[in-house]
Amino acid sequence: MVFYLPESTEDEPTLDQLTPRQTVTELDKYVVGQKDAKRAVAVALRNRMRRLKLPPEMADEVAPKNIIMIGPTGVGKTEIARRLARLSSSPFMKIEASKFTEVGYVGRDVESMIRDLVELSVDMVREEKLYEIQDKAEENAEERLLDLLLPPLRPADSPDAETGATPSEIPPPQDFKQTRDKLREKLREGKLDERSVEVDVRERLTPSLEVISGAGVEEMDINLKDMLPGLFGGRTRKRDMKVPEALEFLIQEEEQKLVDPEQVARLAVERAEQSGIVFIDEMDKVAGREGGHGPDVSREGVQRDLLPIVEGTSVTTKHGMVRTDHILFIAAGAFHVAKPSDLIPELQGRFPIRVELSSLSHEDFVRILREPRNALLKQYRALLATEGIVLDFTDDAVEAIAAYSMTVNERTENIGARRLHTIMEKVLDDLLFEAPEIAQKKWSIDGEYVKKMLEDIAKDDDLSRYIL
């Protein structure tokens, strides 16, 4: 149940102001039902805020209360965790536990999830820093572009090195300033967009090496420019660019100058350590009893590799050592065959909070179609509005879509709310295809239309299995 509409621009409480009740209210805007799971993650988020207000010696001792979410696919497990991370501005990494067994008994290095989390954190901090210095970068880039369009004045006591103009031939500073101001005005109005300028572009001759570490096949980039600074730095070449392209290029250069990569890395590591969230999906796929053989050995091995990460250890990344003691881990799985008690005892103890998510009912499907800020009906209305089409769904159409989704889930595989995506695409298939060409711009989808589009497929189990 993953939605991708932009976040609301309405005023929302800051992290310090978010009480558990307000966190649940915010989650209600995107995920229907599942009150127990929302309460659990809301308390976990508030406890994180409480820990940050403690004296440092006490804060170090307070470990996060990790959570196991138990429930079938498509009921909102991932979306709850993802929305929680967005609310708290936390780096969020979703991984599948089964990925660690795909290549046999060794599997992928479990520490890679922490490295990936740190990379996400670096990207988040860099974006925030870029936002902070955006105005300054644009101002500096504009001045550099004006220097290219109108080179600055030479000292009054020497001839111009390029033109040979004597001091008497150089325009007075006041005239120069007026000319520059007029040029600035034209630049901002877009009147210089067709002009070209020559920009110094630094050649990128910084190859990297890929190192295979003993813990697994992980990419550790080594920048030769840092190792041999005299070999790869300083070569530039002239490149003709239109004014808008040159301005964009110069803004990017100024952003790189104004953002300190070392500070970004330091803040990113701290954020990953103090507020990172790792969502481990398909945890039930690696739940195996001790003393097993065959695949069970691999599953138990993955659990034992996960254990130190969840307990708290140091992981080596290219941005420095990262402690995992205060990262919040949320595990999830259907647990149809295996049970949380099938995990090794040490790992069970590291996930003290268990919440069960219920299967979705017909009423839940109706609410999912209508209520969330990113509800499917709102998404399709917005998509077709770009073609000038006004789309409306009657109450009986919504009920019919929910009913068909429930029916197909019961007769084939229960994939929860994800079934709604498949059903909606089938219902609107003709309209989505023909929208740019049809003359009729107002469409009302009713129960009969839904039935016409789905009845033949839904009543045939074989067709349902492959199409819906």
Side-chain angles (χ1 to χ4, degrees), residues 1-10 27-34 72-80 82-83 86 359-468:
M1 200 157 63
V2 180
F3 308 107
Y4 297 98
L5 279 190
E7 298 287 343
S8 170
T9 56
E10 296 177 15
L27 293 173
D28 283 341
K29 296 174 182 177
Y30 299 96
V31 182
V32 169
Q34 314 304 356
T73 185
V75 297
K77 301 188 294 293
T78 305
E79 189 65 8
I80 288 174
R82 195 192 313 275
R83 292 292 171 184
R86 291 188 183 181
S359 297
L360 299 173
S361 64
H362 175 87
E363 290 72 22
D364 290 332
F365 275 43
V366 171
R367 291 181 61 199
I368 290 169
L369 285 168
R370 286 177 166 162
E371 294 181 13
R373 286 186 175 177
N374 45 12
L376 275 179
L377 299 188
K378 297 175 185 176
Q379 292 186 35
Y380 281 104
R381 287 193 192 103
L383 286 172
L384 286 168
T386 64
E387 306 278 4
I389 291 178
V390 178
L391 185 63
D392 183 48
F393 294 87
T394 64
D395 291 344
D396 61 334
V398 177
E399 292 286 340
I401 292 169
Y404 278 114
S405 299
M406 286 290 297
T407 300
V408 176
N409 271 350
E410 290 168 357
R411 290 167 58 180
T412 57
E413 292 292 330
N414 185 358
I415 59 173
R418 294 187 178 93
R419 184 70 66 189
L420 291 171
H421 292 260
T422 312
I423 295 290
M424 287 292 294
E425 281 292 320
K426 192 62 186 173
V427 168
L428 298 176
D429 181 63
D430 290 346
L431 189 54
L432 291 169
F433 184 82
E434 298 172 3
E437 302 163 354
I438 55 178
Q440 183 180 341
K441 294 302 180 182
K442 288 189 177 181
W443 285 80
S444 179
I445 306 298
D446 57 16
E448 284 300 315
Y449 185 89
V450 173
K451 183 177 179 181
K452 181 182 74 173
M453 297 298 293
L454 296 177
E455 187 175 32
D456 291 341
I457 297 173
K459 69 183 179 182
D460 187 314
D461 283 352
D462 291 334
L463 279 176
S464 296
R465 192 174 303 276
Y466 290 104
I467 296 178
L468 298 180

Next on the checklist: Is it the case that the side chain of K442 and the backbone of D392 share a donor-acceptor pair, with hydrogens and angles ignored and the cut-off at 3.5 Å?
Outcome noted: no

Do the side chain of T394 and the main chain of I445 share a donor and acceptor less than 3.5 angstrom apart?
yes

Residues D395, R370: salt bridge by 4.0 Å N-O rule: yes

So CG of L377 and CG of L369: to nearest 0.5 Å the spacing works out to 5.0 Å

| field | Side chain Q379, main chain N374, donor-acceptor under 3.5 Å | value | yes

One should read off an interatomic distance between R418 CZ and T73 OG1, to the nearest 0.5 angstrom, of 4.0 Å

In this structure, CD1 of I368 is separated from CD1 of I401 (nearest 0.5 Å) by 13.0 Å

Full working for side chain to side chain contact (heavy atoms under 4.5 Å, CB included) between E387 and I438
CA-CA 10 Å; E387 306 278 4; I438 55 178; over 6 Å; no

query = Are E448 and K451 close enough, and set up right, to give a salt bridge (Lys or Arg N to Asp or Glu O under 4.0 Å), and what steps lead you there?
reply = CA-CA 5 Å; E448 284 300 315; K451 183 177 179 181; 5.2 Å; no

#### Entry: Side-chain (D364) to main-chain (S361) donor-acceptor, under 3.5 angstrom
yes

task = Could you check W443 against L384 for side chain to side chain contact (heavy atoms under 4.5 Å, CB included), going step by step and ending with a plain yes or no?
result = CA-CA 10 Å; W443 285 80; L384 286 168; over 6 Å; no

Across all chains, not counting sequence neighbours, the salt bridge (Lys or Arg N to Asp or Glu O under 4.0 Å) partners of R381 are none

